[in-house]
Amino acid sequence: MTPERVDVLIIGAGLSGVNAAYRIREACPELSFRVLEARGEIGGTWDLFRYPGVRSDSDVYTLTFPFHPWTGRDSIVSGEQVWRYLQEVVEDTGLREHIQLDTRVTAADFSTAEARWHVRAVRTGPGGRRQERYTARFLVVCTGYYDAEHPHDPGFDGIEDFTGTVVHPQHWPQDLELAGRRITVIGSGATAVSLVPALADAGAQVTMLQRTPGYVLGLPRRDPLSDLARRLLPPTAAHRVMRAKNAALQWGFYRACRRAPRLMRSVLRRRAVAATGSEALVAEHFTPPYDPWEQRLCVAPHGDLYAAIRAGRADVVTGEVERFVPEGVRLADGRVVEADVAVTATGLRVLLMGGIEASVDGVGIDPAASYVYYGAMLSGVPNLAFCIGYVNQSWTLRSDTTARLAARVLRRLVDRGLDTVVPELPDGIGPGRPLMADLRSGYLLRAAHLMPRATDRYPWAMAQDVVRDSWATDHADLEEGLRWSRAAPAPRPLQDGGVQDGVDQDGTVQDGVVQDGTVQDGARRSS
């Protein structure tokens, strides 16, 4: 089998993968690239999750791309709207032709001698499954950070005794009957907060069963400033104004929660009481034992969760699950929450790099043994970028920063006629801490031992702070922390008819790039 050769291979066609493809093509139009997507359609999270009420709890202006303005009226939108937006982006930008669906990457090995990734994948089609191979100069992994196939299973006792139906939001059955049924949603995170009002609207009798209360912030579904901005400005300018305004508000709110937690607890409590009309209900069910943004804070458009509870269309119960029983869920205090359907909205299972078996010269890569370079590359791993978005702000605010950094790195590789770039740790860096350790959410705590390390200082940091991260990453000195080198002096075609690696068509090395086998002209020296 002859491998398909490309310059850049992007794995994943969700928000991050589409973002990376656009930015790399923008900065390096001469490079060939392909996007491989395991699913049968683009969209990632927004194609996977199809449960009732699925939506973003980030505003759409920061969730969508700065290079493709959002023109809808709402600020908080449904998952279907995000999915349709992504379809529009790949059509309008011409990226669709570069995306190959139903192709799951299983392994990737970087050959130092060749300065290329050798990638194995399985493609599914009408004729069944077949193995495919690719080689690429650079790999960009945009698979997110959770397992799309296997959600977190807390292992509830007695679940086999339950006579009703058990479903998980990650694998929602589209033919599930809702009207008139008693549905218990186990969980208090973003999924549960989205599901409960949607199920109530569908005519179900809904109970949100939570072990620990969480913070829920009601926000308007529409932003009146967006209509004004669109009347006064061209679409792209209006989008950028809204994106900047909302990013600043998100950042300011997060910083206020971390710096003045007692004040923000009081603010959130007062808003919850106003929305539910009950001091006692908020004290029992919406007063967490932790400060705001120690765990993810959930958003309810127009306070729809509070409205459903206040109207009596939904209920909330706080308690420890002891076990399932035939008629429902029994709590540790002996209460039984009866149900026809139990929805286990119990969180995600973290899976880095999409489960790909990645290696360098046959030696497996352990992300937990690496440090992050500006949250986008792994120490000791050549020619690879990966994307993990923010968990305390819009995912795309971070993914676009990562995509632009990857594009800068690629541009330098091409311009300086180099083959390899690898983040290299300085001496005495210290133990660091797991990436995304700022939040104490359960799924992040469970996966702390899997995470790459980060410090408090760039370039080995990712601060979960859009202002600090964006400034530091956009102004990164690419000579600090990166080792640049050439694999061999011989010329290699970049694409059909093109020449790369700082070599002229007659085979001579360009001045100022390589002399006596050593990288010169400002690049870090490497024999």
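Source: prediction; values computed, not measured.
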Report the C-alpha distance between H68 and H239 in whole Å, list the side-chain angles of each, state the deciding distance to 0.1 Å, and finish with yes or no for side-chain contact (heavy atoms from CB on, under 4.5 Å).
-> CA-CA 9 Å; H68 197 282; H239 179 92; over 6 Å; no

Compare every heavy atom of V466 with every heavy atom of A247, then report the nearest pair and how far apart it is.
-> O-CG1, 4.4 Å

Any donor-acceptor N or O pair under 3.5 Å, side chains Y51, S194 = no

Is there a donor-acceptor contact under 3.5 Å from the side chain of S32 to the main chain of D7?
-> yes

Taking Q81 for the side chain and S78 for the main chain, is one N or O donor matched with an acceptor at less than 3.5 Å?
-> yes

Minimum heavy-atom distance between D474 and R404, given as atom pair plus value = OD1-NH1, 2.6 Å

Please name the pair of heavy atoms, one in R137 and one in D419, separated by the smallest distance, quoted to 0.1 Å.
-> NH2-CA, 4.4 Å

Neighbour count above 12 (heavy atom, 6.0 Å) for R211 CZ | no

Other residues, nucleotides, ligands: >12 heavy atoms within 6.0 Å of R240 CZ = no

Determine, stepwise, if the pair T45 / Y146 fulfils side chain to side chain donor-acceptor pair (under 3.5 Å).
-> CA-CA 10 Å; T45 292; Y146 65 85; 2.6 Å; yes

Can you pull the side chain to side chain donor-acceptor pair (under 3.5 Å) pairs that have at least one residue in residues 372-387, sequence neighbours excluded?
-> none

Are D59 and R243 ion-paired here, with the side-chain N under 4.0 Å from a carboxylate O?
-> no

Without hydrogens or angle criteria, can the side chains of Q250 and T62 be said to hold a donor-acceptor pair below 3.5 Å?
-> yes

N-O pairing of E149 and R104 below 4.0 Å | yes

Report yes or no: does S56 contribute a side-chain atom to a donor-acceptor pair with the main-chain N or O of G79 at less than 3.5 Å?
-> no

Taking NZ, NE, NH1 and NH2 as the nitrogens, is one of them in R34 or E4 under 4.0 Å from a carboxylate oxygen of the other?
-> yes

Between P151 and G347, what is the shortest heavy-atom contact and its length?
-> CB-O, 4.1 Å

Quick one: do W172 and V167 satisfy side-chain contact (heavy atoms from CB on, under 4.5 Å)? Show the steps, please.
-> CA-CA 6 Å; W172 191 271; V167 298; 3.8 Å; yes

Quick one: ring-ring contact (aromatic ring centres under 6.0 Å, His included) partners of H475, sequence neighbours excluded?
-> W471

Got a salt bridge between R296 and D57, using NZ or NE/NH1/NH2 to carboxylate O under 4.0 Å?
-> yes

Is the backbone of H118 close enough, under 3.5 Å, to the side chain of D109 for a donor and an acceptor to pair up by distance?
-> no

With rounding to the nearest 0.5 Å, note down the distance linking CZ in R408 to CD1 in I24.
-> 14.0 Å

Any sub-3.5 Å donor-acceptor pair from D469's side-chain atoms to A463's backbone N or O?
-> yes

Using the side chain to side chain contact (heavy atoms under 4.5 Å, CB included) rule, pick out the option among Y390, Y61, F65 that qualifies with T396.
-> F65

When you check the side-chain N and O atoms of S16 and W395, is any donor under 3.5 Å from an acceptor?
-> yes

For A345, does its backbone N or O pair with a side-chain atom of Q170 as donor and acceptor, under 3.5 Å?
-> no

Between E37 and Q100, is there a donor-acceptor pair closer than 3.5 Å when you use the side chain of the first and the backbone of the second?
-> no

Donor-acceptor pair, side chain of R453 and main chain of P431, under 3.5 angstrom = yes

Indicate yes or no: does R39 engage D47 in a salt bridge with an N to O separation below 4.0 Å.
-> yes

Would you confirm whether R96, through its side chain, and V90, through its main-chain N or O, come within 3.5 Å as a donor-acceptor pair?
-> no

Compare every heavy atom of G375 with every heavy atom of T402, then report the nearest pair and how far apart it is.
-> OG1-O, 4.4 Å

So, for V35 and A21, which heavy atoms are closest and what is the spacing to 0.1 Å?
-> CG2-CB, 4.0 Å

Can Y254 and D465 be counted as having a side-chain donor-acceptor contact under 3.5 angstrom?
-> no

Is the closest basic N to carboxylate O distance between R84 and E88 below 4.0 Å?
-> no

Y215-Y290 aromatic ring centre distance below 6.0 Å = yes

Is the backbone of Q464 close enough, under 3.5 Å, to the side chain of N392 for a donor and an acceptor to pair up by distance?
-> yes

Exercise: do Y134 and E132 side chains pair donor with acceptor under 3.5 Å = yes

